[in-house]
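Sequence positions, counted from 1, serve as the residue numbers for this chain.
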Amino acid sequence: LIGTFVSVYISDNGIDEPVSSDLENAEDAIPTVSIKPLKFSQATTGFPKFSLSAEKADFFQDKGSGKLSNFKLVYTYEKGKKVVVTGVEALVKVNIDDDLTMGLGEAEIICNKPVKAVFTSGMNFISQDLQWSGSQGNVSAKGNVRLYGNDFEIEGKGMRANLKEETIELLSDVKLMVIPGALNKAGKDGFI
């Protein structure tokens, strides 16, 4: 069923907790640079491609971080395959020796509020939180996650994913809901 795009693994392993205090501390600091609105695209002809936009972005050069408000991240990892992630607020962590805007494609993006991801394959997810590693294409979540498509829904707590390898692993309390016809098709196609 999901094998057409993503392999789903189920385990009981824990994951690292996102750093929430950095996001809260960013509210108290005066930004080095404020951009309203932010529109950033990675300048490359190969894959992956990365673009980030936000209603407002405050960068703190001395801390190597930034705060995004109402953001949209588009990650194209193969010709025709991409994911669009949207959320209300995120912390961006980049190398302080780099220009903050040039290092965004390699940044760590930490969201402590719900985010939504829409894949070109038709599989989507909503999670309570998200940690994105731009340099490795890894995505993780600690809270509740809901994966869904036209004929299935999987809920669980905690997630690990690698977009380049097209894998998603739900970590605990997993529930699967699927339309019976989709199970038959998945069995015939060899995915189950």
Side-chain angles (χ1 to χ4, degrees), residues 15-78 81-121 123-148 157-164 168:
I15 60 173
D16 295 333
E17 187 171 329
V19 182
S20 62
S21 62
D22 288 341
L23 189 57
E24 293 162 4
N25 292 339
E27 293 176 7
D28 299 333
I30 297 172
T32 309
V33 176
S34 286
I35 303 171
K36 187 176 180 179
L38 169 71
K39 293 190 185 284
F40 170 83
S41 293
Q42 181 184 30
T44 181
T45 56
F47 292 96
K49 293 184 179 187
F50 176 88
S51 68
L52 178 66
S53 59
E55 186 177 286
K56 181 180 178 190
D58 292 327
F59 293 104
F60 308 90
Q61 185 77 32
D62 58 333
K63 295 181 179 3
S65 65
K67 181 179 173 188
L68 306 174
S69 299
N70 296 320
F71 70 93
K72 177 180 174 181
L73 184 153
V74 180
Y75 184 77
T76 306
Y77 50 94
E78 197 174 297
K81 292 184 179 182
K82 70 179 173 181
V83 59
V84 178
V85 179
T86 56
V88 175
E89 184 177 81
L91 172 73
V92 179
K93 299 188 95 159
V94 295
N95 184 342
I96 60 172
D97 296 329
D98 293 340
D99 178 343
L100 284 173
T101 56
M102 296 307 291
L104 285 176
E106 300 289 310
E108 300 286 324
I109 299 175
I110 302 164
C111 309
N112 293 321
K113 295 187 178 179
V115 296
K116 181 177 182 178
V118 176
F119 293 82
T120 51
S121 69
M123 190 196 78
N124 310 295
F125 73 78
I126 296 174
S127 65
Q128 286 182 324
D129 59 271
L130 188 81
Q131 186 162 355
W132 174 282
S133 172
S135 60
Q136 299 174 357
N138 290 329
V139 179
S140 62
K142 182 183 176 203
N144 294 328
V145 178
R146 182 177 150 241
L147 301 168
Y148 62 95
K157 186 167 184 178
M159 173 187 75
R160 268 190 283 236
N162 184 287
L163 299 175
K164 294 174 186 174
I168 292 180

Inset, instruction - Quick one: pull up CG in Leu130 and CD1 in Ile110 and give me the separation to the nearest 0.5 Å. - result: 10.0 Å
Legend entry - Check: Lys82 main-chain N/O paired with Thr120 side-chain donor or acceptor under 3.5 Å: yes
Inset, instruction - Answer whether the closest heavy-atom distance between the side chains of Pro31 and Phe60 falls below 4.5 Å. - result: yes
Legend entry - Whether Tyr75 and Trp132 hold their rings parallel, tilted or perpendicular, with breakpoints at 30° and 60°: perpendicular
Inset, instruction - Kindly compute the distance separating NZ (Lys56) from CD1 (Ile35), expressed to the nearest 0.5 Å. - result: 11.5 Å
Legend entry - Spacing of Phe119 atom CZ and Lys81 atom NZ [to the nearest 0.5 Å]: 11.5 Å
Inset, instruction - For Glu108 and Ser133, test the side chains for any donor-to-acceptor distance below 3.5 angstrom and give the result as yes or no. - result: yes
Inset, instruction - Decide yes or no on side-chain contact (heavy atoms from CB on, under 4.5 Å) for Ile126 and Val145, but give the supporting numbers first. - result: CA-CA 6 Å; Ile126 296 174; Val145 178; over 6 Å; no
Inset, instruction - Check step by step if side-chain contact (heavy atoms from CB on, under 4.5 Å) holds for Glu55 and Leu38. - result: CA-CA 6 Å; Glu55 186 177 286; Leu38 169 71; over 6 Å; no
Inset, instruction - Determine whether Leu68 and Leu52 make a side-chain contact, defined as any pair of heavy atoms from C-beta on separated by less than 4.5 Å. - result: yes
Inset, instruction - Indicate yes or no: at least one non-hydrogen side-chain atom of Asn124 is less than 4.5 angstrom from one of Arg146. - result: no
Inset, instruction - Write down the atom of Val85, the atom of Ala117, and the distance for their closest heavy-atom approach. - result: CG2-CB, 4.1 Å
Inset, instruction - Supply the atom-to-atom distance Leu91 CG to Gln131 CD, rounded to the nearest 0.5 angstrom. - result: 9.5 Å
Legend entry - CA sep, side-chain torsions, deciding dist, call: Val118, Val83, side-chain contact (heavy atoms from CB on, under 4.5 Å): CA-CA 6 Å; Val118 176; Val83 59; over 6 Å; no
Legend entry - Heavy-atom closest contact (Phe71 atom, Ala90 atom, distance): CE2-CB, 3.7 Å
Legend entry - Val139/Met159 under side-chain contact (heavy atoms from CB on, under 4.5 Å): CA gap, chis, key distance, verdict: CA-CA 8 Å; Val139 179; Met159 173 187 75; 3.9 Å; yes
Legend entry - Nearest-0.5 Å distance, NZ of residue Lys72 to OG of residue Ser53: 6.0 Å
Legend entry - Spacing of NZ belonging to Lys116 relative to OG belonging to Ser127, to within rounding of 0.5 Å: 12.0 Å
Inset, instruction - Please identify each residue that fulfils salt bridge (Lys or Arg N to Asp or Glu O under 4.0 Å) with Lys39, with sequence neighbours left out. - result: none
Legend entry - 4.5 Å side-chain heavy-atom contact, Asp129 and Cys111: no
Inset, instruction - Search all heavy atoms of Lys67 against all heavy atoms of Glu89 and return the closest pair with its distance. - result: CE-OE2, 3.3 Å
Inset, instruction - Would you confirm whether Gln128, through its side chain, and Asn144, through its main-chain N or O, come within 3.5 Å as a donor-acceptor pair? - result: yes
